[in-house]
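What follows is a set of notes on a single structure, which appears directly below.
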Amino acid sequence: MAMDKTFDAAEAEARLYASWLEAGAFAAGANAREGAEAFSIMIPPPNVTGSLHMGHAFNNTLQDILVRWHRMRGHDTLWQPGQDHAGIATQMVVERELAKEGGQSRREMGREAFLKKVWEWKAQSGGTIINQLERLGASCDWSRNAFTMSGAPGAPAGEDGNFHDAVIRVFVEMYEKGLIYRGKRLVNWDPHFETAISDLEVENVETPGGMWHFKYPLADGRTYTYVEKDEDGNVLFEEERDYISIATTRPETMLGDGAVAVHPSDERYAPIVGALCEIPVGPKEHRRLIPIITDEYPDPDFGSGAVKITGAHDFNDYAVAQRCDIPCYRLMDTAAQMRADGAPYAEAADIALEVAKGERTLTQTETDAINLVPDDLRGLDRFEARKRVVEQITDEGLAVMVPPTDPRLGGKAPAAPEEGGEPRDEQLVPLVEHKPIMQPFGDRSKVVIEPMLTDQWFVDTSKIVGPALDAVRDGTVEILPERDKKVYFHWLENIEPWCISRQLWWGHQIPVWHTPGFGEEWRSFCAATEAEALEQMHATFGDDAEFILVEDEAAATDMLAEYFQNATDTTGVDQRRRPQAIPVFRDPDVLDTWFSSGLWPIGTLGWPEDTEELRRYFPTSVLITGFDIIFFWVARMMMMQYAIVGERPFDTVYVHALVRDEKGKKMSKSLGNVLDPIELIDEFGADAVRFTLSSMAAMGRDLKLSKDRVAGYRNFGTKLWNACRFAEMNGVFEGHSFRAEPPSAKATANAWIIGETAKVREEVDAAMSAFRFNDAANGLYAFVWGIVCDWYVEFAKPLLNDEATAAETRATMAWVLDRCLLMLHPFMPFVTEELWGTLGDRPKMLVHGDWPQDRAEACVTPEAEREMSWVIALIDGVRSARAQMRVPNGMHVPLLVADLDKAGRNAWAANEALIARLARVESLTETQDFPKGTVTIPVGGATFGMPLDGIVDVAAEMARLEKSLSKLQKEVAGLEKRVSNPKFVESAPDDVVEETRESLAARREEERTLEIALARLREIG
RNA sequence: GGGUGAUUAGCUCAGUGGUAGAGCGCUUCGUUCACAUCGAAGAUGUCAGAGGUUCAAAUCCUCUAUCACCCA
């Protein structure tokens, strides 16, 4: 059966993948030798909402290459697949679906019904990315596919699994060990999703903004002398002031100011430190007063040097407020609208004033209950509120005013009257600097993040970071490339508490139940199950206590209020005032998705059960991941695995870079420069896409991907296909059976290619061991195309036609091509598997082929190597001379040779047929006298000549030779300089000196040949 | 502001101290029975710049310039 001219990827890929699946070829331990070492990789779980993008394609190609390589080597291999439940992303997608359908919204349908919808959605759409990974050829053990929400309450049949239990168990353990705590802290709040997010989920983007300058009048009409001095203490400026000037990018937060801070060394404000000043906004009759304090935070050289402190809406301010005991007044609700709850402004402002004057202190809860938003601003969006605040202050004349020419205004300064401009308006304008400011955005929602004071759960990362740092420091865990270790260290050495609670519904609900407490706050009970939590409650409240599970905090509060009709503090329950039935509610929050992903290595292997898989495959061998989740995931897996099982999650982390478009831009939907891997696979085949990515995978460098490149590697597949097709047509595989050892070969070309094959096998293994995927891929490319196809197949043609060499050549070619298929299989699994099956009867599929172990030492025949390089040099020389002398392609020419040495004589004799064929030579004649019009071709150990009487252009030939000669002379001069330098001979290693001398000798010989030839041409000319 | 990296052929990039490379593109030639998704031949470099270390530097060190990314 004749093979087609090309490989039909579109037809073959699905068929081949199905046959791998059918054979169970990817199952854990498949193709493992007895007692083989284990090799395991955990897939970085893609979002269940996700679809395959180039980053995934790259990441999973690299994993698949490693996995297939190890599997073929007979290792006990596991590639563990799975998906991440992706809390925010999934909730967002499902909510969007609901909106599209026009039915009930999430809140309308309630938590339980909504979660049911999510599971339905997951069943329907969650498999997308798995199918796409299959298109890529990923050889995951799909029977073990894991999901970070498997086994959660409400999970439908088929979604059972251990992951939920593992997550809950870890939370409880960490809680009991004191590694998890709850507290009111300033967190990044996403007003769109109305949840806290971690600092890693915030993107800081420079956006156009403004810096407003306002006057905060001093209380009671106080004044002071404001003095600006230069570095030498000379007075630059001096005036009497009744205010302190403040710059802010967020005027709407002024309403929640608790103080104004200046640097302790700032002499300008020293006279008024400790005084009260007035927030210049809000109803005039209830202006709030706040103290002027000192703190190290304000930079005296920035703006006015004075900073307003709004502890509840800025991270820096929060730190100052903590240090200086300044109250933090929350101004916004969960949607980042100005609060509309609580008492009217007048009452709230009165309380705040008493606090500022030190006449009253508030608990945190009391502070949080105070709404300092003036009545007219309540319920407004924060950006609308900003506009109003600015207007109100400006109208009242409390904006800092400057001439319109002030450079800080940023606009074009109007031309001065003397330069022909309009006469200057004496009117001053408010000082607003329009300039780019860094703004935090939610990485999912793309809305401006609001720092918000809320109750959240945190992992006390400082307590678990130690082993994660040590393991990398002492080499227990290797991070490649080296550079990323620094990134890892830098982040972990400056680790912040990790906010793990999210105000979402889709996720692992925190296993904590709250009852009324003994003090002000709710009392928390953490346990894996409700029953265990109740046991703990009984232990605390007494066996006779009766608990009633209610929906949420509000329900519990209401219930308590009924018991204590007149109590103002309904949470303040103690033994004496214990109600008949104690309300209990479960913490509504869910855990950060990354908390569950943090357990991926053990969770997917069955932990907390002591499973066989856990014993075999943990710690895992390699983690392959993108640099963008070193913090999100790698560092947290390290911390959590050590905290929970006291063991490293993996031996090696290979961090790869980003796939960009051909211009180096990040691929993004909004830029429209996204290359869809599936479309590329459709067009060029999965093998081409995979090979492209691996050949570009130089460690630590971004990939700039272009379609041309993919097309090039598709052509490579075709080239391989056709080499095999040639072999098949020549009966190379008839009766062939796979052989581990190379066949014995007498013909030099055969002996030579066997050695070359072994050399490349060593190169590939070395490259793979060092995670140098590009070196492995490019080495194979150069070998298969540049050596096997360009030379060996051509050499083989005359050998196959010769009875004497035909049999061994067939055997050799079959062996070499088998080797090519084996070694290329991890990179190009489809075309190689197809060829493997087409070309012969095989005991097993290539996916389980035995990875070669040929050693160059055993396979290389040095004489064959020397002889074939001589032959190649001769053919190259003749071809080059022919092309430059414009000898017609089809013409066979006679060849002359002078001074042919013994090695050359043997080489010619052994390879005459193939030289004649490839160089189009019709005869060889030995002579010392090249006739007029002969082109000279210097080859080591001989001078060849091509008599082209009448054809050759003497001038052209001289030019050709002179060009070679001058290049050669430059090299000779350089080498001579080195060899004649005694210091070089002294200091350089012997083999380098020796090599240099040999090289010099060879070049000198060639130089002489060229000189003689030139001299002869000159005589003629 | 702090950190990390990059700068090599027209383009995209390899190259961990020992004769500057690959792919693509380009030019010329080619319908030889594996392959035109191909073959043969060819052109193209102040290895960003300036100093330094070394027998020897694209490679190591210092500075400068430009760009990119990460963290504030």
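Naming: A, B, ... by sequence-line order, numbering from 1 per chain.
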Should [X] and [Y] count as an ion pair when the cut-off is N to O under 4.0 Å?
| X | Y | value |
| --- | --- | --- |
| A:R473 | A:E493 | yes |
| A:R323 | A:E296 | no |
| A:E976 | A:R1004 | yes |

Measure from the side chain of [X], starting at C-beta and using heavy atoms only, and say which of [options] lies closest.
| X | options | result |
| --- | --- | --- |
| A:R920 | B:rU32, B:rC35, B:rG39 | B:rU32 |
| A:N204 | B:rC35, B:rA72, B:rA43 | B:rA72 |
| A:Y781 | B:rU4, B:rG15, B:rG23 | B:rG23 |
| A:T718 | B:rC35, B:rU12, B:rG18 | B:rC35 |
| A:S999 | B:rU37, B:rA34, B:rU19 | B:rU19 |
| A:D775 | B:rA41, B:rG5, B:rA14 | B:rA14 |
| A:R725 | B:rA43, B:rA41, B:rA34 | B:rA34 |
| A:K486 | B:rG30, B:rC55, B:rU4 | B:rU4 |
| A:N889 | B:rG18, B:rA40, B:rG30 | B:rG30 |

Gap in Å between the two [atom1] atoms, one belonging to [N] and one to [M], rounded:
| N | M | atom1 | answer |
| --- | --- | --- | --- |
| B:rG15 | B:rC55 | P | 28 Å |
| B:rA58 | B:rA9 | C1' | 14 Å |
| B:rA22 | B:rU8 | C1' | 12 Å |
| B:rG17 | B:rC13 | C1' | 22 Å |
| B:rA6 | B:rU59 | C1' | 15 Å |
| B:rG5 | B:rA14 | P | 15 Å |
| B:rG2 | B:rG18 | C1' | 39 Å |

Is [X] near enough to [N] that one of its side-chain N or O atoms lies under 4.0 angstrom from OP1 or OP2?
| X | N | answer |
| --- | --- | --- |
| A:K707 | B:rG23 | no |
| A:S880 | B:rG42 | yes |
| A:W491 | B:rG2 | no |
| A:K977 | B:rA56 | no |
| A:R772 | B:rG15 | yes |

On the side chain of [X], is there an atom forming a donor-acceptor pair with the base of [N] - under 3.5 Å, no angle test?
| X | N | answer |
| --- | --- | --- |
| A:K797 | B:rA34 | yes |
| A:K5 | B:rC35 | no |
| A:Q884 | B:rA40 | no |
| A:R714 | B:rU37 | yes |

When all nucleic acid strands are considered with a 4.0 Å heavy-atom cut-off, which category describes A:E998: base, sugar-phosphate, or nothing?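 Since no nucleic acid heavy atom lies under 4.0 Å of A:E998, the category is nothing.
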
Answer with base, sugar-phosphate or nothing: what part of the nucleic acid does A:R483 contact at a heavy-atom distance below 4.0 Å?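 Counting heavy atoms under 4.0 Å across all strands, the contact made by A:R483 is with sugar-phosphate only.
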
By nearest heavy atom, map A:V985 and A:A988 onto RNA chain B; which one lands nearer the 5' end?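 Closer to the 5' end of RNA chain B: A:A988.
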
What is the pairing partner of [N], taking Watson-Crick or G-U wobble pairs with both distances under 3.5 Å in any strand?
| N | value |
| --- | --- |
| B:rC38 | B:rG30 |
| B:rC13 | B:rG21 |
| B:rA65 | B:rU7 |

Would you please say whether a donor-acceptor pair under 3.5 Å links the side chains of A:R690 and A:S694?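 A:R690 vs A:S694: no donor-acceptor pair found between side chains.
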
Can you see whether A:S695 engages A:Y713 through a side-chain donor-acceptor pair at a distance of less than 3.5 angstrom?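 Distance-only check passes for A:S695 and A:Y713.
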
Is there a donor-acceptor contact under 3.5 Å from the side chain of A:R714 to the main chain of A:E683?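 Such a contact is absent between A:R714 side chain and A:E683 backbone.
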
Report, as yes or no, whether the 6.0 Å neighbourhood of atom CD on A:E962 holds more than 12 heavy atoms from other residues, nucleotides or ligands.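 Result for CD/A:E962: enclosed.
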
